[in-house]
Visitor: 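This is the structure I have questions about; it appears just below.
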Amino acid sequence: VTAVVARAPLIALAVAGLLLVAAPPFVSSFMLSLLTQALIYAILAMSLDIILGYTGLSSLGHAAYLGLGAYAVGILTTRYEASFWLALVAGIAVALAVAAVFGLVALRATGVYFLMITLALGMVVWGLANRWVSMTQGDNGISGVPRPSLFGLSLASGQAYYYFALGGAVLAFLVLRRVVRSPFGATLVGIRESESRMRTLGYHVWLHKYVGFVLAGGVGGFAGTLWGGYNGFVSPADVELTTSVKILLMVALGGRGTLVGPALGALVIVILENLVSVYTHRWLLILGAVYITTIVYFPDGILGTVRQWRGATRRAARAGESPEVNPISAEGRFS
Amino acid sequence: MTKRLLACLVLIAVVALTGAGDVMAQKGPIKIGFLAPMTGGAAQIGKDMTNGLNMWLEENGNQIAGRKVEVIVEDTQGQPNIALNKLQKLVESDKVQVLAGGLFAHVGYALAPKVDQLQVPMLYPVMAADDLTQRKPTKWVVRNGWTSSQPNHPFGEYVAKTLGYKRVVTIAIDYSFGWEQVGGFQKTFEENGGQVIQKLWAPLGTTDFAPYLSQIRRDADAVFSLMVAISALRFPKQYEQAGLKGRLPLLGGGTTFDEFVLPSLGDEAIGGVSALIYSAALDTPNNRRFVTEYRKKYGKVPSYYSEVCYTTGRWINEAAKAVGGDVENKDKFLAALRKVEVPDAPRGPVKLDAHGNPIQNIYIRKVEKKGGELWNTVIHTYPNVSQFYNYKPDEFLKQPVYDRNYPPCKHC
């Protein structure tokens, strides 16, 4: 039993991966488009998890990177008729560059102050999208963003783009997992748990946070470029505060500091948002209730709760042994 | 012998009838996918829109061309990206046979390519984006509403000639609907000797106009304002508070003084002159009946949003009748939708021009207080105005679509 429980995450991941690969022929095209959205949001949520879950800084400006990536693709492909791939690289580069600047400003603070500064910086990007009309077309948004083709294979169809997004999400997951499992990632967790202790140990705390912040921005920009191609349309709504809040809640709902959790959270929220609204126009109320329940009763999110439960069963299985400390299911990470 | 023949005939008739009945039963109801903002700053407009459509359906036994009707309303929140999502959901998940609704011109531009891709006819009763029936025509979008600049072509002329204003400042919401409204006004106003001396733009959803009002040049004769949704609620009051009402008469695009805001406005709105395809005060038997019934049902005066969506119900019905209820035949149904003529809508006669935009009356309206309520009294009617007004379509289409910088502000 212990062996199965120990391997459960790997098994679950493999099953989820298989399901995602096999899904397209079995689901409706609308469901497929929701899954594509969920995958792109999963990339965003996972990238935010680096800042929020692993470093312990809640950011309310993550939609900015989604917007930067999406606008880069929108503007370059429609106005300058650049190829999607060039725009994709440019989108990531712009997001990295902006994150590098924002990081200098935001990382002077922690806690609520960090939250407020990232919120303000996010609004700067929103303001640009909204008011720099000659470049972004303001409230009109940019429509007619083309979908790319890959090795001569058009990604225009819903199914092809789904696999493209799936590939992107898997790539982002592998890269981010490599990062969080590296000594660098361990240092981030250390900073989250006790910044002063890490400093006394001789770590360059600020630099670690900064690199994490910029990395998250770059991956967020990548998600943005995929979003631009998926929607074929970019508008200031993509950069709004509500989008940032949504990403934050995806991470919280799925489970901070778990990487897979935020991806799961993205899936749940995208599906909920679209299915609940079918039944009632008061769907925002229901989403709100879900959020409050999560924050109040399951602050560790879905995956965090599952891990706690698993930890408990494991402890029960090896009764008598010293209780195991799960480095990732920590508490009080929002403070 | 005759008995047997009769029995045979009866049998054939019964088979034929039940067979026909089966076909009807298999087809099920006609599903209409309706997009409208039900939450957010434009929720009140969304309500007026759905009320309009529902009223027509209720008056007609919830049937179109003899088939039951099912309306599926989806909330766009007035956001293009959400509208895109919902559009896809209505077509792919709910399998609607016809789409209608939507608010905001930029949402219209965003949806059109998707509608063509999904190949389901969609009526645009509200979204007035000019180019969809001008330089970027779409196959599956049937506009039974209007173009943004349509009322303002005659209005610009009216303001220059009849009202005699020579210098006008424009203040408008900064997106395609605002640009096209101001563009249409400026074109004919300046061709008739007027001058636009300043153009101000405020973002969609603006509620505080103080920074804009303080910039308005005081050497103007009048101010042309184009407000939508929540901005229309706030603007007239702030205009008065800024001390401008007594000095510079307020003109407007139709939505600035639309009936959806009039009940919420006070005396500050009185005297506002605007142009639109409808006024609730229109004194025709059809409209009087429509207004009375609508008030009875929903407790308020219908706005233009209600009227166009009410007429949309009838529009779908006429087209569905023309194809014998066979709306599943999409190409035939689409062709029928383009052929519909409504000679006696509450707003007056409506039929499509060769480019697919309605030719209809444009009403110049003035806000007046009657019986303690504000009404858009019709002070002049331009009958049967097309989107090109008096211009030749080919020549008109050579100019670019109106935007922020076109026509250029020569007198600024």
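Naming: A, B, ... by sequence-line order, numbering from 1 per chain.
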Visitor: How about A:Asp238 and B:Asn81: does a side-chain donor come under 3.5 Å of a side-chain acceptor?
Guide: yes

Visitor: Given a strict heavy-atom distance threshold of 4.5 Å, which part of B:Val73 is in contact with chain A: side chain, backbone, both, or neither?
Guide: both

Visitor: With only heavy atoms counted, which part of B:Leu84 is less than 4.5 Å from chain A, the side chain, the backbone, both or neither?
Guide: side chain

Visitor: Given a strict heavy-atom distance threshold of 4.5 Å, which part of A:Asn231 is in contact with chain B: side chain, backbone, both, or neither?
Guide: both

Visitor: With a 4.5 angstrom heavy-atom cut-off, could you sort out which part of B:Gln88 is near chain A: side chain, backbone, both or neither?
Guide: both

Visitor: Which value, rounded to the nearest 0.5 Å, describes the distance between B:Lys95 atom NZ and A:Phe30 atom CZ?
Guide: 11.0 Å

Visitor: Taking all atoms of both residues into account, what is the closest heavy-atom pair of A:Arg131 and B:Trp201, and its distance?
Guide: NH2-O, 3.4 Å

Visitor: Could you check which of B:Pro203, B:Ala129, B:Pro113, B:Ala110 has the highest count of heavy-atom pairs closer than 4.5 Å to chain A?
Guide: B:Pro203

Visitor: Does atom NZ of B:Lys47 have more than 12 heavy-atom neighbours from other groups under 6.0 Å away?
Guide: no

Visitor: For the interface with chain B, which of A:Asn130, A:Val234, A:Ile142, A:Asn274 has the highest count of heavy-atom pairs at distances below 4.5 Å?
Guide: A:Asn274

Visitor: Heavy-atom cut-off 4.5 Å, strictly under: side chain, backbone, both or neither for B:Thr39 against chain A?
Guide: side chain

Visitor: Which atoms of A:Ser29 come close to chain B, meaning under 4.5 Å heavy atom to heavy atom: side chain ones, backbone ones, both, or neither?
Guide: both

Visitor: Is A:Trp132 atom CH2 crowded by more than 12 heavy atoms from other residues, nucleotides or ligands, each under 6.0 Å away?
Guide: no

Visitor: Going through the distances and angles, do B:Gln79 and A:Glu240 end up as a side chain to side chain contact (heavy atoms under 4.5 Å, CB included)?
Guide: CA-CA 11 Å; B:Gln79 303 271 24; A:Glu240 266 178 3; 3.5 Å; yes

Visitor: For the atom pair OG (A:Ser28) and NZ (B:Lys89), what is the distance rounded to the nearest 0.5 Å?
Guide: 11.0 Å

Visitor: Does a side chain donor of either A:Glu273 or B:Asn85 reach within less than 3.5 Å of an acceptor in the other side chain?
Guide: no

Visitor: More than 12 heavy atoms of other residues, nucleotides or ligands under 6.0 Å from CE of A:Met135: yes or no?
Guide: yes

Visitor: For B:Gln77, which atoms come within 4.5 Å of any heavy atom of chain A: side chain, backbone, both, or neither?
Guide: side chain

Visitor: Could you tell me which non-hydrogen atom of A:Ser143 sits nearest to which non-hydrogen atom of B:Tyr109, and how far apart they are?
Guide: OG-O, 4.3 Å

Visitor: May I ask you to name which of B:Glu92, B:Lys114, B:Lys86 has the most heavy-atom pairs under 4.5 Å with chain A?
Guide: B:Glu92

Visitor: Find the distance between CG (A:Leu34) and OG (B:Ser93) and round it off to the nearest 0.5 Å.
Guide: 8.5 Å

Visitor: Rounded to the nearest 0.5 Å, how far does CH2 of B:Trp179 lie from CG of A:Asn140?
Guide: 4.0 Å

